[in-house]
Protein chains: 2
Amino acid sequence: MSEDNLSRAFAALADPTRRDLVARLTAGDATVGELAAPYDVSLQAVSKHIRVLEDAGLVTRSRDAQRRPVHLEAQVFDLMTGWIERYRRQAEARYERLDAVLGTLDESAHPRSTTQQGAAS
Amino acid sequence: MSEDNLSRAFAALADPTRRDLVARLTAGDATVGELAAPYDVSLQAVSKHIRVLEDAGLVTRSRDAQRRPVHLEAQVFDLMTGWIERYRRQAEARYERLDAVLGTLDESAHPRSTTQQGAAS
DNA sequence: ATGGTATTCAACCAATCGGTTTACTACCGT
DNA sequence: ACGGTAGTAAACCGATTGGTTGAATACCAT
């Protein structure tokens with residue numbers, strides 16, 4: 001489940017309008033109409049964007065009469081930072097080891113180059 | 001420059017094959033051929049994926065004879081975690097304030113609901 | 001110079017995306 | 001029941017995406 005979710009989450013945030021919607025939702029829940037107002041695209045387009053964010057698990061919608069308030073969900077952000085940080089740290093750790101080796105050999109510049117494969121997902 | 005870069009970075013990581021490539025590159029630089037080997041898609045397809053990662057600033061390529069070693073760049077990851085964390089924290093801060101208010105009023109559940117807009121980028 | 005190795009470029013294809021417009025559904029107020 | 005308000009669904013369109021195959025380029029080895 002997670003693998004696909006991660007793809008949808010990253011894809012959802014690849015669009016500047018959707019990132020902007022997320023940014024605005026950190027200030028509090030909002031209706032589709034309120035969210036659509038600032039943009040010059042149609043309400044339907046914004047509704048679609050919200051659907052994408054919802055499918056990615058970034059937001060949820062409830063019902064309040066004919067209004068459908070949109071609410072930001074924080075968990076998926078953790079999933080993404082988790083993924084990014086995992087590999088960023090691995091990469092950094094590797095460079096630290098490399099630096100250590102180079103330091104031992106007392107070399108000046110960092111002419112990095114190594115080989116080989118790694119792990120999954 | 002940053003706005004567009006962020007879009008490309010998120011879009012790049014929205015593809016599972018590309019995330020896998022990134023994962024493997026944390027173990028060290030690798031050539032296109034080495035990177036392509038584990039997948040059943042064509043070498044050209046992998047070459048294209050690497051191009052996308054490069055355009056997003058996630059990797060760089062150097063030259064070593066006819067080989068083009070691919071190297072992972074950590075900075076763009078920081079850009080992404082930066083964006084995510086900014087809004088995640090804002091959202092969390094808001095809930096803490098809300099919890100505080102609800103706590104003062106001594107209510108049991110968390111029937112969240114607020115309104116209004118926020119900021120840009 | 002000839003051939004092999006490593007990689008990209010180019011043209012093409014089906015599928016998805018972000019947008020549109022024109023309906024339709026859902027709920028409230030009176 | 002009637003009209004207005006809030007939102008979704010459906011059909012369509014041009015652009016982009018991820019993949020393919022075939023041809024080109026860049027470099028090393030002999």
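The structure presented is a predicted model; accordingly, all values stated were derived computationally and were not measured. Proteins get letters first, then strands, A, B, ... in listed order; numbering begins at 1 in each.
Distance from the side chain of A:Asp15 is smallest to C:dG18 among C:dT20, C:dG18, D:dA26. Set against D:dG7, C:dA11, D:dA11, the side chain of A:Lys48 has D:dA11 as its closest nucleotide. Counting only heavy atoms from C-beta on, B:Val41 has its side chain closest to D:dT20 among C:dT7, D:dG7, D:dT20. Comparing D:dG7, D:dC27, C:dC27 against the side chain of A:Val32 picks out D:dG7 as the nearest.
As a whole-Å value, the separation of A:Leu43 CG from D:dT5 C1' is 11 Å. The nearest whole Å value for the distance from the CG atom in B:Asp29 to the C1' atom in C:dT7 is 17 Å. Taking atom CG on B:Leu35 and atom P on C:dA6, their separation rounds to 14 Å, with Å as the unit. Rounded to an integer number of Å, the gap from CD of B:Gln66 to P of D:dA26 is 13 Å. Remark: C1' of C:dT8 and CG of B:Leu53 are 16 Å apart, rounded to the nearest angstrom. At whole-Å resolution of the value, CZ in A:Arg51 and P in C:dG19 are 17 Å apart. The CD atom of B:Gln44 sits 14 Å away from the P atom of D:dA24 (whole-angstrom rounding). Summarising the geometry, the separation between CZ on B:Arg63 and C1' on D:dC27 is reported as 7 Å, rounded to the nearest angstrom.
If B:Arg67 and A:Ala11 are placed on DNA chain C by their nearest nucleotide, the residue sitting closer to the 5' end is B:Arg67. For the pair A:Val52 and A:Asp64, nearest-nucleotide mapping onto DNA chain C gives the more 5' position to A:Val52.
Not one side-chain nitrogen or oxygen of A:His49 sits closer than 4.0 Å to the OP1 or OP2 atom of C:dC17. Within the 4.0 Å cut-off from OP1 or OP2 of C:dG18, at least one side-chain nitrogen or oxygen of A:Arg18 is found. Contact check, B:Arg61 against C:dT8: a side-chain N or O comes under 4.0 Å of OP1 or OP2. A sub-4.0 Å separation between OP1 or OP2 of D:dT20 and a side-chain N or O of B:Ser42 is present. OP1 or OP2 of D:dT8 lies within a sub-4.0 Å distance of a side-chain N or O belonging to A:Ser47. At C:dC27, none of the side-chain N or O atoms of A:Arg68 fall inside 4.0 Å of OP1 or OP2 (strictly under the cut-off).
No donor-acceptor pair closer than 3.5 Å links the side chain of A:Ser47 to the backbone N or O of A:Leu43. A donor-acceptor distance shorter than 3.5 angstrom exists from the side chain of A:Arg24 to the backbone of A:Leu35, with no hydrogens or angles considered.
Of the charged side-chain nitrogens involved, none lies within less than 4.0 Å of a carboxylate oxygen, so that A:Asp15 and A:Arg19 do not count as a salt-bridged pair.
Using the six-membered ring where Trp is involved, A:Phe10 and B:Phe10 have ring planes that are tilted, between 30° and 60° apart.
From B:Glu85, atom CD reaches atom CG of A:Asp78 across 7.5 Å, with rounding to the nearest 0.5 Å.
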